[in-house]
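This report refers to the structure that appears directly beneath it.
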There are 2 protein chains.
Amino acid sequence: MAQSDTVDRILDAAEELFAERGFSETSLRMITSKAKVNLAAVNYHFGSKNALIHAVFARFLTPFSATLETAFDELEERCEGKPPTLNQTLWALTESAVRMPQRNEKGISIFMRLLGLAYTQSQGHLRKFLEEEYSEPFGRFMRLLKDATPELSSVDRYWRIQFMLGATAFTMSSSDALIDILENKLGVETTVQEIASRLVPFLAAGMKAPDKMLVSLSGSGVSVA
Amino acid sequence: MAQSDTVDRILDAAEELFAERGFSETSLRMITSKAKVNLAAVNYHFGSKNALIHAVFARFLTPFSATLETAFDELEERCEGKPPTLNQTLWALTESAVRMPQRNEKGISIFMRLLGLAYTQSQGHLRKFLEEEYSEPFGRFMRLLKDATPELSSVDRYWRIQFMLGATAFTMSSSDALIDILENKLGVETTVQEIASRLVPFLAAGMKAPDKMLVSLSGSGVSVA
DNA sequence: GTCTGTTTGAAACATACGTTTGAAGACCAA
DNA sequence: TTGGTCTTCAAACGTATGTTTCAAACAGAC
């Protein structure tokens, strides 16, 4: 029982419970009983519940951001000075996520779900932690997106990036349920990789969409294409 | 002080607090002290906290689904048998949301934020409540989407609808924060209506995107456009 | 004004939470 | 074996939660 198998058991249990129930809906008692460790172990090893949340994110975000950096390095090298296209940039991100070594088959969807929660649940401390620790790969991704969509105004790009994030986080975070529903309804089996291969063209098309609608909201709502 | 002004004060306070903090992060004591009513009033008038949550949703969702039904009626009438286009369908939904009579200027964003939370926070009772009460307009919207995208396979349509839901729910659920960030970074002020007017073309373009990528994930991730 | 049903009020209830405590156990070098 | 450090454990702490209680205040009908 090497250097604290307890720590990993807590992280595993916390990760899974946070992903399926959210942060404040998950108590330390749920975590410790799922992990089969004593209640006090969390505060002993991590200091507080908030620090545990940070540790859960750090465990997968740190290797992921390293993977992402090298993926971007390779991409930029292949492009020899020209800015990578939108498709290339999105694929670099997607591949890095999908290829991350997973602890189990649910790994990728837990990963995505946690990212979605980090954005959605108003945990001030978490947002600050993520900004401080991982602003660099995030900023780099944003710069790549900017260079890949020079035709967009800053404001348009800002919102469309939010739309992309939403579609991705939302879909991936409920991917298990959605895959099940699809199999029951249409009898089709799907993998996370396939979802990604459908998502990327959707996102790319959205990013490259024609300008925002100028239809007045008091009009009749007729399409303008 | 007509028939229970207390009930409305509670609903107003609860709506606002739920929208900005989420459900489990908002206590009854916060609600009653913001509403300036006695703590016991919530349980007296609504029965429980969960029932209050349902009441908050019902207050805006019931008139909204009525508005939506007539909007769809009008749309189908205008189309004289032909299926409405995707843009028309999305706009009918958006307009119905934006045109709803609002209690105040924050009304629409609270509305959206609550819808996002309903999807995002894993409140089992809420999801069941919404499914039981509002499955009809939802189902109709899905049927319209299907008729507006006959070129898509069932599987493609299924996933792309999830992507749309995600982009919408996610963006709307953090719309306040996103608007603030944009104002601080670029000095641009935005309304929820403007977000909607940017979101619809994004979604429409995504739905109409060319086929899914066939690039193998073990390849080099080169774009295929 | 008195009675009746409804609404409010202050206080308490039971429960769950995150955290702390201090003793017991495990482990390893000397 | 001894001594010291790190880890586990059961129990308790203080606080916050949703809910309940029951008396007081109120309203409208007679």
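Reckoned from all heavy atoms, side chains included, excluding hydrogens, waters and symmetry mates. Here is how names work: the chains are called A, B, and so on, in the same order as the sequence lines, proteins then strands, and each is numbered from 1.
Look at CG on B:Asn43: it is 13 Å from C1' on C:dC13, rounded to the nearest Å. Rounded to a whole Å, the CZ atom of A:Arg9 is 14 Å from the C1' atom of D:dC9. Look at NZ on B:Lys49: it is 4 Å from P on D:dG18, rounded to the nearest Å. One atom, OH of A:Tyr44, and another, P of C:dA23, lie 17 Å apart when rounded to the nearest Å. Rounded to a whole Å, the CD1 atom of B:Ile31 is 15 Å from the C1' atom of D:dA16. Atom CG of B:Asp8 is separated from atom C1' of C:dT7 by 15 Å (rounded to the nearest Å). To the nearest angstrom, P of D:dA16 lies 19 Å from CD of A:Glu25.
Remark: A:Asp5 engages A:Arg9 in a salt bridge, criterion side-chain N to carboxylate O under 4.0 Å. Salt bridge B:Glu20/B:Arg113: absent, no basic N to carboxylate O contact under 4.0 Å. Checked for salt-bridge contact, A:Arg140 and A:Glu76 meet the test: a charged N lies under 4.0 Å from a carboxylate O.
Residue-level contact check: B:Thr32 touches neither bases nor backbone, having no heavy atom under 4.0 Å from any strand. Within the nucleic acid shown, B:Ser24 has no heavy atom closer than 4.0 Å to any nucleic acid atom.
Aromatic ring centres of B:Phe163 and A:Phe202 lie closer together than 6.0 Å. Taking the six-membered ring for Trp and the full ring otherwise, the centers of B:Tyr134 and B:Phe64 sit at least 6.0 Å from each other.
Under a cut-off of 6.0 angstrom, the local environment of NZ in A:Lys34 is crowded, with over 12 non-hydrogen atoms contributed by other residues, nucleotides or ligands.
Note on B:His45: a side-chain N or O is less than 4.0 Å away from OP1 or OP2 of C:dT8. Between C:dT7 and B:Thr6, no contact under 4.0 Å exists linking OP1 or OP2 to a side-chain N or O.
In this structure, of D:dT8, C:dG18, D:dG18, it is C:dG18 that holds the atom nearest to the side chain of A:Ser27.
Contacts between residues 34-42 of chain B and DNA chain D, defined by a heavy-atom separation below 4.0 Å, involve B:Leu39, B:Ala40, listed by number.
B:His125 and B:His54 have tilted rings, their planes meeting at an angle from 30° to 60° on a 0 to 90° scale.
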